[in-house]
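What's counted below: heavy atoms across the whole structure, side chains too, no hydrogens, waters or symmetry copies.
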Amino acid sequence: MDSHTLELLGVDKIRALVSARAACSLGKAAARALEPLHDPGAVHAAQTITTEMTEAIVSGLQPPLGGLHDVRPLVRRAQVGAMLEAEELAEVAETLRAMGNLDAWLDRIGDRFPRLGGLRKDVGEFSGLSTAIEGCLDSRAKMLDSASRRLAALRLEIAQVEERIKETLRSMLRSPEIRRALRYPSFTMVGHHYVIPVAKEHRGEISGSVQRTSASSETVYIEPTAIAEKSAQLSYIRAREAKEIRRILRWLSAQVGQVGDAMLGTLEVMAEIDLIFAKARYSLDYRMTAVDLSTDGRLVLRKARHPLLEAILRRDPALPLDAPPAAASEPRSVDGEEAAAPAPPPNPAPADREIVPIDVHLGLRFRMLVITGPNTGGKTVALKTVGLLAIMSQMGLHVPTSQGSQLPIFDDVLADIGDEQSLEQSLSTFSSHVRRISDIIGKASERSLVLLDELGAGTDPAEGASLGRAILDELDSLGSLAMVTTHIGDLKTYALTNPRAENAAVEFDVESLQPKYHVHIGDVGQSNALKIARRLSLPEHLVARAERYLEEQQGSARPEWDLVARMRKDAEEARQAAIEAQAEAEQSRVALAQQLEALQRESRREEELVEARARLQPGDRVVVPKLGYDRPGRVVKIDPRKRTATVAIGHVTWNVAIDELIPQSTRTPEPTTPARGARGKTPRIEDFDDR
């Protein structure tokens, strides 16, 4: 999709808002790489799985993403034979545990949320590797004595030698001559050396090697000659211990490398789950909905809100600290068309103003919308809202609209918005717009959405109007869906002569001189310059003279144009009412379909439960909710005639009606495959020797 448009509309900011809601770096990186999709099936799948995740979160079934790390660089190093450090292996182990938790979560929710559950087929099973690492490293990434028999023997030998050294030192400290030479009567360690603190003036009285001197030089730390031989022995054993630890680390790293491909594939699934989770959280935080994907080119947005403007008003700390999605030429609008809003503070705060949602549609009776109205009225943000929501939908995101909204899948969204004067290329604002529009016309097709801001501006009004009409004619011939804004009076009549185009106006309160931001399709926007001038106390005779000039310019055709505009406005109001009624009917239909599906699902569960109870045998595990026990029990005996069963829970047995039992289906281990890792098989360090 057109990169210039993505930048103009602030898609990177949307990515940042999604990224901030991911649980780990895997999802954050995936969110920052989000791109619009173009295949209808892929877009529908992405939307549907986001919907499933939102429903799972609302139902209290949030995915267990804690402990998940991006260990792909570590896995790749292990694959090429590099040795991972203990801390790195501990991070791998924590990620493996997180993978196992997510695997179980996907298995648990798969029946209710089939698209999420379907991700499980690509999740590997690495319990053997996880057990191997956790059997060698403790929670602080320290090597356990039990990691290997050789390590356990070496550490026992180290402990014995250290105890002999300590006993020798304790014996020395009992000597009055030696105690007199000490700064304090105890021994300590410098590095791996046992030392005693000797006063500087008594240095010559103690035989041994100086390991360190205090900062004041008043104390020297001496390793006595009496323990030198044992210290050398200890150093030798510790070197052997370090060698054994490296051997274990190399072995563990090799185990990681052996299942590296399966781990990398599973990490991609983990990244996708985290990304879907971030999308769902973003949707819930901003009260978004999934739009219907239209196949007939219909674009219907009901109560659409600009997501970046809403983030600014909410002071969302995840929003990048730069200018908001506003048009630089309109400096005061709450709709984001005016001056840069203050950068969001570190902590979110409630907004004191709310966004005025807009209703827009294209592709029903007309494919082109010409929006007119005064400056600061919200025209530019209307364009940005439609363009950004179309792109978000194709990124698999929900959008801030009401139920019943529809969006096509566009091959491209092409926009020319704002003041794009190019100093580097010595181009004026008008020249920059012309060059951009030329690029847009060269790319546009009937599956494109074109957004043009201030069409015909920046040059002589008469020539600008003529050029604007020619551009609109070209877009009409291409068949693109298009929205344009303009201040040029002649372009306001374009829609009255083209059945495939329609006017729209943004509402403005002349009394308060404040925009109201509503978009009224079928209206022709007025600049209200003369009314505003009178309101601001311009001398009345000047305003009256201006009104006479305006009447002369508009000529006698004005009443006929006004009549046509009123008729089209009335038709549009009827159409809006029909759209709203259709959306409400569709919402009711969806709700009924969901209820029916829930009833059918419950019926299937009851049938499965009856079948499972009929298959119960002694030894099967069951849960008895009536007894209030969470843990399962074991069937001891079944009486088919009385329809009862004897169930053992702990050391107590109960006689329970079979209809009150819930059989616990055990998960059958799957055969080992490259994609699922080495299921259930724990590697042994004794099988590895690289000495």
Side-chain angles (χ1 to χ4, degrees), residues 51-64 66 97-121 123-128 130-131 273 590-673 676-682:
T51 301
E52 285 192 356
M53 184 65 84
T54 59
E55 292 174 355
I57 294 173
V58 170
S59 303
L61 298 173
Q62 185 163 307
R97 286 195 300 273
M99 288 179 180
N101 293 336
L102 276 167
D103 184 39
W105 179 79
L106 292 171
D107 188 32
R108 188 168 69 252
I109 68 164
D111 290 341
R112 184 172 175 184
F113 304 109
R115 286 193 181 272
L116 283 172
L119 295 175
R120 186 176 175 266
K121 69 181 186 301
V123 175
E125 206 287 346
F126 308 98
S127 59
S130 179
T131 300
I273 293 172
V590 170
L592 289 172
Q594 290 176 342
Q595 292 176 9
L596 178 60
E597 185 181 355
L599 290 172
Q600 291 173 339
R601 187 164 54 240
E602 187 62 31
S603 176
R604 287 195 299 270
R605 286 176 182 164
E606 287 294 332
E607 292 174 359
E608 292 170 358
L609 188 57
V610 169
E611 293 175 0
R613 286 168 177 163
R615 294 195 300 268
L616 280 175
Q617 299 291 333
D620 288 347
R621 293 167 66 81
V622 293
V623 172
V624 190
K626 175 182 177 182
L627 300 178
Y629 286 100
D630 292 331
R631 59 177 178 166
R634 180 175 51 83
V635 175
V636 177
K637 184 175 65 174
I638 293 178
D639 188 335
R641 185 174 60 83
K642 295 182 178 181
R643 295 285 298 165
T644 61
T646 303
V647 179
I649 304 176
H651 299 291
V652 181
T653 58
W654 307 82
N655 288 323
V656 185
I658 290 177
D659 291 341
E660 294 174 351
L661 302 179
I662 299 179
Q664 293 289 96
S665 59
T666 57
R667 182 174 163 184
T668 305
E670 301 175 23
T672 300
T673 66
R676 299 285 294 173
R679 177 177 292 275
K681 180 181 179 182
T682 304

Check: [Y] and [X] side chains under 4.5 Å, non-hydrogen atoms:
X: R112; Y: S59; value: yes
X: L61; Y: E55; value: no
X: P625; Y: I662; value: yes

Roughly how far apart are [X] [atom1] and [Y] [atom2], rounded to 0.5 Å?
X: I109; Y: Q62; atom1: CD1; atom2: CD; value: 11.5 Å
X: L119; Y: K121; atom1: CG; atom2: NZ; value: 6.5 Å
X: M99; Y: S127; atom1: CE; atom2: OG; value: 13.0 Å

Could you list the residues that satisfy side chain to side chain contact (heavy atoms under 4.5 Å, CB included) with [X], not counting sequence neighbours?
X: V636; answer: R634, T646, A648
X: D639; answer: R641, K642, T644
X: R108; answer: W105

Minimum-distance pair of heavy atoms, taken over all atoms of P663 and L609: CD-CD1, 3.6 Å
Evaluate side chain to side chain contact (heavy atoms under 4.5 Å, CB included) for V624 paired with L661, printing each intermediate quantity in order. CA-CA 5 Å; V624 190; L661 302 179; 3.6 Å; yes
Would V656 and V622 satisfy side chain to side chain contact (heavy atoms under 4.5 Å, CB included), going step by step from the backbone distance to the final call? CA-CA 11 Å; V656 185; V622 293; over 6 Å; no
Listed partners of [X] passing side chain to side chain donor-acceptor pair (under 3.5 Å), at least two apart:
X: N101; result: none
X: T653; result: none
X: R643; result: D659

Would you list the pairs meeting side chain to side chain donor-acceptor pair (under 3.5 Å) in which at least one residue belongs to residues 606-618, sequence neighbours left out?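 For residues 606-618, and leaving out neighbouring residues, there are no side chain to side chain donor-acceptor pair (under 3.5 Å) pairs at all.
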